[in-house]
2 protein chains.
Amino acid sequence: MTAQPTSRVTIKDVAARAGVSKGAVSLAFNHKPGLSEATRDRIFLAARELGWAPNLTARTLAGSRVDVVGLAICRPARLLGLEPFYMEFVSGVESVLIERNCSLLLRLVRNVEEEVGLQESWWRGRQVGGSILVDFRADDPRVAATGRLGLPVVAVGHPAFTGGLTSVWTDDATAVTEAVRYLAVLGHRRIARVGGAAALGHTAMRTAAFDEAARSLELAGAWQVTTDYSGEAGGRATRSLLTAPSADRPTAIVYDNDIMAVAGLSVAAEMGLNVPRDVSLLAWDDSQLCRLTHPTLSAMSHDVHGFGAEAARTLFAVITGEGPGSHPVPTPVLTPRGSTAPPAV
Amino acid sequence: MTAQPTSRVTIKDVAARAGVSKGAVSLAFNHKPGLSEATRDRIFLAARELGWAPNLTARTLAGSRVDVVGLAICRPARLLGLEPFYMEFVSGVESVLIERNCSLLLRLVRNVEEEVGLQESWWRGRQVGGSILVDFRADDPRVAATGRLGLPVVAVGHPAFTGGLTSVWTDDATAVTEAVRYLAVLGHRRIARVGGAAALGHTAMRTAAFDEAARSLELAGAWQVTTDYSGEAGGRATRSLLTAPSADRPTAIVYDNDIMAVAGLSVAAEMGLNVPRDVSLLAWDDSQLCRLTHPTLSAMSHDVHGFGAEAARTLFAVITGEGPGSHPVPTPVLTPRGSTAPPAV
DNA sequence: AACGTTTTCTTAACCGGTAAAGTCCCTATC
DNA sequence: GATAGGGACTTTACCGGTTAAGAAAACGTT
């Protein structure tokens, strides 16, 4: 890409106008000692008159801070658009970046290996000051890679998967358990779960928690399937669960996100089943979507925006040298709405 | 932000290892003439052995290309998460950037003025090689500002609002007309439209087109309201439209996005109205959402992903010096599904 | 008054590349 | 055999900042 900015005001021009050296201007703009109040003022005045602000690229190259945070999302581009979760998450991240005058460098990658390469080149090229890593899986190569590079990162995921990295996470196991218990208390004995991508760490965690809850509650039936998080997959999974003979099919289904729950709801309607009388549905993530359907969707509600914000704040802490830590954010809480009720019989 | 990359391989190390000057390495990596095949190979080999890749920051500062595209979205951070449109659009942009090894610099801004300032600092600081501008309004200050700066941009919006900037746009007026005609042909005589943000150019355009269509078709009733694009607002608007006495309320409603249409659908259900028998609903943008509801939503369907991709491609053309142009992308086409039908009476 | 300290600012060397101008050598030409 | 013309590199001067080291003036001390 080539194309030249028209007028260029540099530190030199400011220095000349204020009658000082560029070193002095630099000192002033970095709030470093060694300048009298008078010259400091003169410099700021000159800068304001010329409309100058330090060039971040040059500043970065010269070896100081980098005001950019990296985020690579591993997903085929076509699917990204469909996940309300990420949009909310990103907006939470942005809300913190904005107040620190930082920007987000966003990139879609096809797989973890590609992400490792990307993070490495970002960091070595000083394109980012740190990164937010998401979608951890078992034996995630990013743990070792970022450690080796010295790249400051915050890992969004359960410590079981994020190794020694500073992490921000929700206690999904507890949430799944709560969800299943709630449905059991309502009287459901045959419960299914439509999970997300099997490769992801938190999916595995939820799967294990679901199994455990089903066993400890001695449920009569417990099914689990994994999908790709898309509405289509969620709908398909629901259809297959609900086509079993009525005495043998789940009376309640838990979904791993809200898009799939919406799809499930529509499949139930299309099959002539009444929600919640014939089957109860429970969503996850709880974006605005859950309040827009009819009936409204009960959900494991979760402040995704706040989750993103916390991740960003934690990253800043890491960058400024804070040691590794584990930052749980509030566990998703059950928000009952219109899609859950005791089973009909 | 401070934190140092551990090992640093620079062009100098590569040059030393290949036994050439750093100028030669630069020539090799930029595929410029003036080097023998033999040395070229030696240089690439050395680079590979050392795991070196040119530092983009330095490269940028030295005045060549910038591999970053800017995108500022003007919206309160909390709302961004709710718009499937942007997520899809961004994913389309990414799909083109990814194949050119470029990244997207994303930033939320509170208002257009803030965006103007941001774009200016991005450009002057060579943080971006060009930008994608969205959400044009009447007398948009960005037209003049980007022209003055010489910032290469692609404007996503109708030429009526984007001044002399190269634009990528959909013919919303024609689409609105088609939507209204379609409903009229089905037999609807009282049609309403729940529009987006009033300040936006394309909203104004759609409003005018709707008025015009209503007049030319001599509809018995035509209502229009503007909202903030949120599901809540869409639901509210729908409720207020449908509470009129039945002989005097719309039998069809057109929405400016899909979230509002989904909300409208649920409001209708909640009011005991059957869709499409009692009222027909027609969405816009047509994300996956429209196929997940029951009944499925008819929509003015539109390849938003492709729209984003086209915007990105056009930006690259602008950056490489192509003169101003106007690039219409296909007009949204009506995709009838389950939410539209002739009125009951 | 001579001398060590500060304070205040300047100089100059980077950061890691790019690119124009310069050097050297090899070959074709008259 | 002298000269012009290229090809293949190297030199060197930036890009726009930061920062360590140096210098000049102001200040306090004995």
Side-chain angles (χ1 to χ4, degrees), chain A residues 1-5 7-43 46-47 50-67 121-127 129, chain B residues 1-5 7-43 46-47 50-67 121-127 129:
Chain A
M1 294 195 203
T2 30
Q4 303 298 324
S7 70
R8 280 226 170 130
V9 186
T10 76
I11 197 174
K12 223 176 191 166
D13 305 313
V14 176
R17 181 170 247 266
V20 296
S21 70
K22 44 182 209 149
V25 178
S26 176
L27 289 180
F29 265 77
N30 289 299
H31 303 103
K32 295 204 172 173
L35 288 183
S36 68
E37 270 313 308
T39 24
R40 216 172 272 276
D41 290 347
R42 220 153 18 95
I43 290 172
L50 294 173
W52 178 80
N55 178 322
L56 293 182
T57 304
R59 190 177 249 186
T60 297
L61 184 55
S64 85
R65 89 194 118 298
V66 182
D67 296 309
S121 86
W122 272 353
W123 176 238
R124 304 235 285 208
R126 300 189 129 279
Q127 297 255 96
Chain B
M1 294 195 202
T2 31
Q4 303 299 325
S7 69
R8 280 222 170 132
V9 185
T10 76
I11 197 173
K12 222 175 188 168
D13 304 315
V14 176
R17 181 171 248 267
V20 296
S21 71
K22 42 183 212 148
V25 178
S26 176
L27 288 180
F29 266 77
N30 290 299
H31 302 103
K32 295 203 173 171
L35 288 183
S36 67
E37 269 314 307
T39 25
R40 214 173 273 276
D41 289 347
R42 219 153 19 95
I43 291 172
L50 294 173
W52 178 81
N55 178 322
L56 293 182
T57 305
R59 188 178 250 186
T60 297
L61 184 56
S64 83
R65 89 191 120 298
V66 182
D67 296 310
S121 86
W122 272 353
W123 177 238
R124 304 235 286 207
R126 301 187 130 278
Q127 299 254 96

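What you are looking at is a predicted structure, and each value in this text was computed from that prediction instead of being measured. Every chain is numbered from 1, with letters handed out A, B, ... down the list of sequences. Just so you know, these numbers use all the heavy atoms, side chains as well, and skip hydrogens, waters and symmetry mates.
The shortest side-chain heavy-atom distance between A:Val25 and A:Trp52 falls under the 4.5 Å cut-off.
By the side chain to side chain donor-acceptor pair (under 3.5 Å) test, B:Thr39 is found to be paired with B:Ser36, residues two or more places apart in sequence or in another chain being considered. B:Arg17 pairs by the side chain to side chain donor-acceptor pair (under 3.5 Å) definition with B:Glu49, not counting sequence neighbours. When the side chain to side chain contact (heavy atoms under 4.5 Å, CB included) test is applied to A:Asp41, the partners found at least two apart in sequence or on another chain are A:Glu37. Considering only residues two or more places apart in sequence or on other chains, B:Ala18 meets the side chain to side chain contact (heavy atoms under 4.5 Å, CB included) condition with B:Val20, B:Ile43, B:Ala46.
Fit an axis to the five pairs at each end of the helix from C:dA1-D:dT30 to C:dC30-D:dG1 and the two axes sit 60° apart, to the nearest 10 degrees.
Every pair tested for salt bridge (Lys or Arg N to Asp or Glu O under 4.0 Å) that includes a residue from residues 22-33 of chain A fails, sequence neighbours excluded, so the list is empty.
Contact between the side-chain N/O atoms of A:Asn30 and the OP1/OP2 oxygens of D:dT18 is found at a separation under 4.0 Å. In this structure, B:Thr60 does not reach the D:dC15 phosphate: none of its side-chain N or O atoms is under 4.0 Å from OP1 or OP2. Between A:Ser36 and C:dT7, a side-chain N or O to OP1/OP2 separation shorter than 4.0 Å is absent.
Out of D:dG17, C:dC9, C:dT18, the shortest distance to the side chain of B:Arg59 is found at C:dT18. Considering only side-chain atoms of B:Thr39, the nucleotide from C:dG16, C:dA19, D:dC9 that sits closest is D:dC9. Out of C:dG16, D:dG17, C:dG17, the shortest distance to the side chain of B:Ile11 is found at C:dG17.
DNA chain D lies under 4.0 Å from at least one heavy atom of each of the following residues of residues 20-29 of chain B: B:Val20, B:Ser21, B:Ala24.
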Nucleotide by nucleotide, 5' to 3', does protein get under 4.0 Å of the base (B), only the sugar-phosphate (S), or neither (-) in nucleotides 22-27 of chain D, counting heavy atoms?
------
